[in-house]
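The structure appears below as C-alpha cells.
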Amino acid sequence: KAVEAKALQRLSGADRKKLKRTIRDRFPRASDADIDALLPPKAEITVSKFQNRVHVYGVEGGFPLFFNVDGRGSEIYPTVFALWKLPEMLPYFMLKGGEVSRFVIGGADLMFPGISVAAEGLPSFSAGEPWAVKVPGNPAPIAVGSTTMSSAEALKAGLRGKALRIMHYYHLCRESVEGDYVPNSGFLEDVVLEDPSFLASNQPSDSSEGATCESDVQQSCVNNENTEGSIDVNGAISDACAASMQNDSENAAKEITMDASDLKSTANVDAAKLDIELSSLSIEDVDSHLDRCLLQALHTTVKDKDLPMPGSTSNHVLPCRPSGITLDIKKSSHKKLSKWLQAKTSTGLITVKEDKYKKEAMLISVNRGHPEYLQFKPEKRPVEKVVQAGDSAASESRSQKALEVVEVYKSSVHVNPIFASVGADTGKLYSASEATDIVFKYIEKENLVKQTNKATVVLDATLCDALFKGAIKKGSTYPTEIHKKDLGATFINRMQAHHMVTRGGESVVRKGVLKTVQIMTERRQGNKKVTKVSGLETFLIDPEALASELQKKFACSTTVAELP
C-alpha cells in the first residue's frame, strides 16, 4: 500500500534551531554555512509525519532534504536531494560500476563485493554510521544508508555480506503512483512535485524494524521489479535472474546502438570537416583571426566599467570569431595566452598585469585612442540580426498570452543626489544595469577612479552617503573606497525595489520584492485532501477563471475564498 503522510506542518523557531543543531552534531563535515544553504534562515521548513514514525523535513515548496527514521531525532539522514547540493556532507562508498548500481537504484542494500576498495585499503567506519553511495565518474550520490558493521568486522569477515542498509535511493521511474504519465526522461523529482510524500514513501521497506517506508510506486517503475525482487538479504542473485537482466541490458544496448547509428555517422562527417578546416588555417591566419576577434571584442563587449577583468578569451574574444572557424591559441605563433596578451601590451593597445593571487593575466585598461583600435570597424553580425528578427516575431506572437516579470528599481532618498548630479530622472523606474550605469556615470564625471588601482573607486562625501549612510553602526568608520565589482550591487540595494508584471496587454508595477505562489495541502475528514493555492493575483491570474479551469482539468470541486 502507498504510504501517506498523517500530517504536514511548519516548524516553529525552536524546532528549527533544534533540527539544525541535530544536523550539525550528526554531520560534522557540514559547516554552519552549508546547513544554512540547505535550510535558509528565512525559509519556511516543513515536516511530514508518517504512520511508521518517519519524519521528512524540507524547505516549503522544495524537495525533501532530511528524514528521521525513528521520530526521535537520533537517526536522521540526508536525502539524495540534499547530497546533490552538498556531496561532501557524508563519506561515501564508490561502486565498481553499472552492474552494481542498477541493483542499488532498484532498492537493494549494498554488499561489500560491490564496493570498489582503493589501493590504501578500506576506510575506517563504525556500525550505524550514515554513508553515501557514488558511481565512478559522477560526483552526485545515488543513495544514502547506514553501515551494518564496522570496518574491523568487515575485514574479519573477508569483505563479504551486507555493507550498507539503504535508506533512500535515486530511482528512475516512467509512471507515477496513480498511473499519471511521467516522460521517459523524467526522474524522481517529477513525481515529487505532484506528491511531496512520495519521496519518503519510496524508501525500501524493512518489516522487522518498521524504520522505513514502502510504496507501490516501485511496482510501476519500469525497472524489472521481479528481477530485483530476487535479491535476498545476503545479496545472492540467482543465475536465472542474472541471465535475464543481462539479456535485457544487451537488447537495450542493441536498440540504442541502432538508433544512434545515424547520429554517429553524422558526427564523424562533421568531425572530418572540422579537421580539414583546422588544418587549412596557417599560423599567420590564426594570428590574424585572434587579433581581429580581440578588436571586435574591445569594440562590442568589453566595457571600461567592467575593467579589470580576467584575460581569458572564452567570454569575449572567442564568441567574436567568424562562423565555422575554431581558434586554438596553441596553433598561433604565440602558443600561450599570456604571451599573446603581452604582445598586445607591447603595442600599446591594452594593459595587462598578472594577478599575484590568482596567478592569471588580468586586463587592466584599453587604449581606445590606439591607431589599430580607431582603424578597425566592428562587424555587424548577420546571424545576430536573424536571431533578433526571429525573437521579435516570436515575442509578438507570445505577447498576447506570455507572462513577463521584470525586477526594476526606483531612486530613493539615499541615492537622489547621485541621480540629480548626472541629470537622471528620480521618478523613473530603472533596470539593474541602467541603475549601475548611472552610478558609473557619476564616477566618471567626478573622476573618482583610483589612479594607482583602476579596479577601485575613491568615495567622495556624496557617494559615501549614498552607499553607506545609515547602514554603518555608530562608532564605526565609513569606508573611503570600494571595489568596482561591489559598487553596482551596493548601489542597487540602496534603491527602492519594485517588480513589473506583464501578461498580454495588462501590466502592473508593484513595490517590493516579487511574492511567490503558495501551494499547501491539508487533510480533512479521514482521507479527504484539500489543496490551497494563494498569491495568484501577483501574476495577474484571475482566481475565478483558474478555479473553473482546474475543476475541468482535475475533475474536482473548486472554491474561491478571501484570505484571512
Side-chain angles (χ1 to χ4, degrees), residues 2 4-5 7-10 42-46 48 58-64 173 175-199 390-410 429-432 496-564:
E4 296 180 353
L8 173 64
Q9 62 191 47
R10 293 176 177 174
K42 294 186 178 180
E44 292 291 346
I45 300 176
T46 60
S48 300
V59 177
E60 189 172 68
F63 298 134
C173 292
E175 295 181 1
S176 61
V177 183
E178 301 287 331
D180 295 333
Y181 177 75
V182 178
N184 290 341
S185 61
F187 300 116
L188 183 60
E189 49 265 46
D190 292 321
V191 186
V192 172
L193 289 174
E194 297 179 2
D195 184 4
S197 66
F198 169 76
L199 180 64
D391 287 346
S392 62
S395 63
E396 288 179 5
S397 64
R398 291 195 306 263
S399 62
Q400 302 300 324
K401 56 183 179 179
L403 172 70
E404 184 180 4
V405 181
V406 181
E407 290 183 342
V408 290
Y409 303 89
K410 189 176 181 181
L429 294 171
Y430 298 87
S431 65
Q496 296 178 5
H498 291 67
H499 60 273
M500 179 186 299
V501 182
T502 304
R503 183 186 290 276
E506 187 178 1
S507 181
V508 65
V509 177
R510 294 189 179 94
K511 189 175 180 180
V513 182
L514 185 71
K515 295 181 179 179
T516 58
V517 173
Q518 298 294 323
I519 302 177
M520 294 288 292
T521 303
E522 289 184 0
R523 190 168 183 170
R524 295 183 182 175
Q525 297 176 358
N527 199 30
K528 183 180 179 182
K529 294 176 182 174
V530 177
T531 302
K532 291 185 175 181
V533 184
S534 60
L536 298 171
E537 294 83 358
T538 303
F539 298 93
L540 303 180
I541 300 174
D542 181 16
E544 295 283 356
L546 181 64
S548 176
E549 184 68 23
L550 294 180
Q551 184 176 4
K552 303 172 189 174
K553 181 78 174 177
F554 301 121
C556 64
S557 61
T558 57
T559 56
V560 178
E562 293 288 335
L563 285 174

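Since this is a predicted model, take the numbers as computed values, not measurements.
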Which heavy atom of [X] sits nearest a heavy atom of [Y], and at what distance?
X	Y	answer
Glu506	Leu540	O-CD1, 3.7 Å
His499	Gly512	ND1-O, 3.0 Å
Val560	Ala547	CG2-CB, 3.8 Å
Ser48	Leu8	OG-CD1, 3.2 Å
Gln551	Cys556	CG-O, 3.0 Å

Distance only, no hydrogens: is a donor on one side chain within 3.5 Å (strictly under) of an acceptor on the other, for Thr46 and Glu44?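 Distance-only check fails for Thr46 and Glu44.
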Do the non-hydrogen side-chain atoms of Val533 and Val517 ever get within less than 4.5 Å of each other?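 They are in contact (side-chain heavy atoms under 4.5 Å apart), so the answer is yes.
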Is any side-chain heavy atom of Gln518 closer than 4.5 Å to a side-chain heavy atom of Glu60?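 Side-chain contact under 4.5 Å: yes.
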Would Leu403 and Val501 count as a side-chain contact (heavy atoms from CB on, under 4.5 Å) if you check the C-alpha gap in whole Å, the side-chain angles of each, and the deciding distance to 0.1 Å? CA-CA 7 Å; Leu403 172 70; Val501 182; 3.7 Å; yes
So, the side chain of Arg523 versus the backbone of Ala7: is there a donor-acceptor pair under 3.5 Å, distance only?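 No, because the side chain of Arg523 does not come within donor-acceptor range (under 3.5 Å) of the backbone of Ala7.
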If you round to the nearest 0.5 Å, how far is [atom2] of [Y] from [atom1] of [X]?
X	Y	atom1	atom2	value
Phe554	Glu549	CZ	CD	9.5 Å
Arg10	Met520	CZ	CE	5.0 Å
Glu544	Thr558	CD	OG1	8.5 Å

Within 6.0 angstrom of Gln9 CD, more than 12 heavy atoms from elsewhere: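 Yes, enclosed.
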